[in-house]
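The structure appears right after this line, and notes come after that.
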Amino acid sequence: MAEQSWRQLGLTDQEYAMIIEQIGREPNLVELNMYSVMWSEHCSYKHSQSALKQFPTSGRRVIQGPGENAGVVDIGDGWAAVFKIESHNHPSAVEPYQGAATGVGGILRDIFTMGAQPVAFLNSLRFGNLEDARGRYLFDGVVAGIGGYGNCVGIPTVGGEIYFEDCYQGNPLVNAMCVGIMPLERLVLGKAVGVGNLIVLVGARTGRDGIHGVTFASEELSQASEERRPAVQVGDPFLGKLLLEATLEVIEKKLVVGVQDLGGAGLTCALTETAARAGSGITVELDRVPLREAGMHPFEILTSESQERMLLIVEPDQYKAVEAVFRRWELSPAVLGKVTADGQVIARFKGEEVVRVPAASVSGGAPVYNPEAQEPEYFKRLASLDPLDLPAVKDFNKALISILSSPDIASKEWVWRRYDFMVRTCTVQGPGGDAAVIRHRESGKGLAMAVDGNGRYVYLNPYLGGMLAVAEATRNVSCVGAEPIGITDCLNFGNPEKPEIYWQFKQAVAGMAEACRVLEVPVVGGNVSFYNEVEGEAIYPTPVVGAVGLLDHYEMQAKSAFVQEGDIIYLLGAKEVSLGGSQFLKKIHGQLYGKMAGLNLNLEKQLQDLLRYLISEKLLQSAHDLADGGLALALAESCLAGGSGAIIKYNCTSRPELELFGEGPSRVLVSVSPELGERVKSIATESGIPVEEIGIVQGDLLQITSGSDSLIEMKIALMERAYREVFTWIME
């Protein structure tokens, strides 16, 4: 076979030699395409497997960890939560609407494939400068795609985060998360079990959209990427809704023994993964695949990523019942073949055998790489710079308004009003708070969920930044009163073959793993997205953490808003803050450097435990995590959320900008009824958590004084305009 064949498909000479060794001959063109997609970075995780082994993946609630379509955790009373997050970055860069929409559709299928009813979407998004026309185009298209798919299938989009940095200008990040709930007994896995069982394909007809989409996702972007539009899948949410309902029905009726979504790498992935997981083989007739385009080649049929398709493993005597269910939902299943015992995936086309490969080789035989890792030149240099060497702030009111009106911080209502976050009527806390909360009707429990990540932090210190991502996501869940029970992650990095990028990746994963161990929260699934670069320039290393927490009863939750005049405001947690990597430094000075405040993971765990206890005992009126923007921003956000002012007396022992806008982990703002104040202080002190009374909820102003100095005095109405109208000005 000509050398350019495997090289053009993204395989190296070494990998091609490995394929020959594993199958005992040269692969034909169809087989080579199958290996190409399954040995791509997107599917094989060949540059990340070794690092990911650091993650703790088991725990008392974990039922299914990494390796399946989604993670599954026990929430008690015979129920389980199912969740996962994945990226659709490269497709969204060249076709933002469909890239985002199919990202939502793909993560949705991962959830109901397991047997769970999807109950919520979240997303984590990164874009470039909105002053740039293309930046606005990508932002608007992605938001429309997320809303377009989610709204049509009737699943609420309840939360997320959005940041804007120049490094994402040509390579936006679109990370979609879905959460589902199911009875434990309904769990079904993606395994081709039972020799003689039928292989059934159902859903959309197969076309040429998305062919080699995973290969496209495993390379850097360039000017030529615009020509890759055919590699972007096209979604059909209305068909997706029918597929969801029909699949859940056959699972509930126990008519299937295995289910696998057709996502990345299409039929190739579904056939080889289900067989490899079960240690079985599969034989299929490609002529039986329903097509929507004439003249498709076998490799196109096998690698197409046409959306809204599902592979079922069905016992022969159950097929008529399965067919009846799908036809009632206006879907036509097609029997492609059978499960065999020899471990081979065999495909025939027009009577000719075109594929005979070991399932375990295609699905799990890719090499595992451990690239060179090297600390970047910038690391120590940026850490040595001190933001306090910059000129002192003279007008803190102006600084607060400037940060409040920055796109990173400002209200994202322009975004989430385009999403239906109340459909299904189970949303009890939607977008805008620390975490979203969904009510589970059958048990009365609540599921809290949040996504968090900060590329600036990880760029400056990957190990600490990785820890902070986990701490922030779990802290947000704890701020509404929920116990974090599992996380899923989406690790967005540049080219791992570059030593500096791989160093960032290894350090970040190690930091995340350490935080997970101390905070006792397992990683049950996720996604690695490498090659997020344009013309050789990488994005900030951006691990995104999706955390899910459990409330014994959904009504036992806290919100972030100040609501009651006279309530006492306390600051709980760590004292250390820094302007390194802060929103203040970015917005006021246009800089990114400095050391960040350290993270004491034991203190973090104690603080989260304390929060959940105080909320469960109904001792708090509100709780709000201090994150981007520090104390001043947290106070402003709680005032804005409740429409109430606050009088704050906070003695600044150093530069006021450090005290007001400095950022640091393990810090939470709470408000407490006056009669409960001493009790809360006593419990916090006994728990080993620093607690400081800093003011009261009062009036229609945010006033912050230090000694005799008035630092900030601002009407809530003025902050409201700055905070809520930013995206209207920019986008409309």
Side-chain angles (χ1 to χ4, degrees), residues 1-52 90 210-225 227-228 230-231 264-266 268-269 271-273 276 297-300 302-305 343-347 353-374 493-503 505-506 528-536 538:
M1 183 172 291
E3 288 185 7
Q4 62 265 29
S5 296
W6 64 83
R7 290 176 180 171
Q8 288 172 349
L9 291 173
L11 294 165
T12 67
D13 293 351
Q14 175 192 356
E15 289 167 348
Y16 184 67
M18 288 180 64
I19 294 169
I20 294 174
E21 181 180 355
Q22 289 182 23
I23 67 176
R25 57 176 171 80
E26 286 197 353
N28 63 38
L29 182 62
V30 181
E31 295 166 335
L32 189 62
N33 273 270
M34 294 176 69
Y35 273 100
S36 169
V37 292
M38 291 304 292
W39 284 22
S40 69
E41 185 65 47
H42 187 84
C43 290
S44 71
Y45 287 42
K46 55 192 175 187
H47 286 96
S48 61
Q49 282 188 44
S50 57
L52 297 179
H90 281 31
I211 291 175
H212 276 280
V214 293
T215 312
F216 174 49
S218 304
E219 60 188 34
E220 296 179 21
L221 292 173
S222 67
Q223 291 181 351
S225 296
E227 301 172 6
R228 299 296 299 274
T268 289
C269 181
L271 294 173
T272 58
E273 280 194 353
H297 190 278
F299 87 81
E300 294 178 310
L302 283 164
T303 62
S304 167
E305 294 180 13
Q344 300 287 312
V345 171
I346 300 170
E353 183 175 291
V354 294
V355 171
R356 181 181 287 267
V357 289
S361 170
V362 181
S363 178
V368 176
Y369 295 125
N370 289 285
E372 178 188 355
Q374 179 179 316
F493 288 79
N495 185 341
E497 299 166 61
K498 297 178 180 178
E500 294 82 3
I501 299 294
Y502 199 67
W503 180 83
F505 175 73
K506 286 184 66 176
V528 178
S529 176
F530 280 137
Y531 299 98
N532 289 287
E533 303 197 8
V534 178
E535 304 292 350

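Predicted model, so just to flag it, every value in this text is computed and none were measured.
- Ser50 places none of its side-chain heavy atoms less than 4.5 Å from the side chain of Tyr369.
- Every residue two or more places apart in sequence or in another chain was checked for a salt bridge (Lys or Arg N to Asp or Glu O under 4.0 Å) with Lys506, and none qualifies.
- A 4.5 Å side-chain heavy-atom check between His42 and His90 finds every atom pair outside the cut-off.
- Heavy-atom minimum distance, Pro358 versus Gln22: CG-O, 4.3 Å.
- Here the CG atom belonging to Asn28 is positioned 8.0 Å from the CD1 atom belonging to Ile23, to the nearest 0.5 angstrom.
- Between Arg7 and Asp13, the shortest heavy-atom contact is NH2-OD2, 2.5 Å.
- Taking each heavy atom of Glu41 and Ser48 in turn, the nearest pair found is OE2-N, 4.2 Å.
- Side-chain contact between Cys269 and Met38 is present, with at least one heavy-atom pair separated by less than 4.5 Å.
- Note on ring orientation: taking the six-membered ring where Trp is involved, the planes of Phe530 and Tyr502 are tilted (angle from 30° to 60°).
- Inter-residue side-chain proximity for Val354 and Phe299 is flagged as unmet; no heavy-atom pair is nearer than 4.5 Å.
- The OG atom of Ser36 sits 10.5 Å away from atom CG of Leu29, with the distance rounded to the nearest 0.5 Å.
- Side-chain contact between Val528 and Phe505 is present, with heavy atoms from C-beta onward closer than 4.5 Å.
- With hydrogens and angles left out, the side-chain atoms of Glu497 and His47 include no donor and acceptor closer than 3.5 Å.
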Inset, instruction - Apply the test side chain to side chain contact (heavy atoms under 4.5 Å, CB included) to residues Met34 and Leu271: give CA-CA distance (whole Å), side-chain angles for both, the deciding distance (0.1 Å), then the verdict. - result: CA-CA 11 Å; Met34 294 176 69; Leu271 294 173; 5.8 Å; no
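- Between Arg25 and Arg356 the shortest heavy-atom distance is NH2-O, 2.8 Å.
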Legend entry - Full working for side chain to side chain contact (heavy atoms under 4.5 Å, CB included) between Leu11 and Leu32: CA-CA 9 Å; Leu11 294 165; Leu32 189 62; 3.7 Å; yes
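- Nearest heavy atom pair, residue Trp6 against residue Thr12, reads CD1-O, 3.8 Å.
- Looking at heavy atoms from C-beta onward, Pro298 lies out of side-chain contact with Val355 at the 4.5 angstrom threshold.
- If you take CD on Glu372 and NZ on Lys498, they are separated by 14.0 Å, rounding to the nearest 0.5 Å.
- Not one N or O on the side chain of Glu15 forms a donor-acceptor pair closer than 3.5 Å with the backbone of Pro367.
- By the ring-ring contact (aromatic ring centres under 6.0 Å, His included) test, Tyr35 is found to be paired with Trp39, residues two or more places apart in sequence or in another chain being considered.
- Side-chain contact between Glu533 and Ile501 is present, with heavy atoms from C-beta onward closer than 4.5 Å.
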Inset, instruction - Evaluate the side-chain hydrogen bond (donor to acceptor under 3.5 Å, both in side chains) criterion for residues Asn33 and Thr303: first the C-alpha distance (whole Å), next the side-chain angles of each, then the deciding distance (0.1 Å), finally the verdict. - result: CA-CA 7 Å; Asn33 273 270; Thr303 62; 5.1 Å; no
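- Formation of a donor-acceptor pair under 3.5 Å by the Asn532 side chain with backbone atoms of Gly494 is not found in this model.
- You'll find the side chain of Val30 reaches within 4.5 Å of the side chain of His297, heavy atoms only.
- The backbone N or O of Ser44 sits less than 3.5 Å from a side-chain atom of Gln49, completing a donor-acceptor pair.
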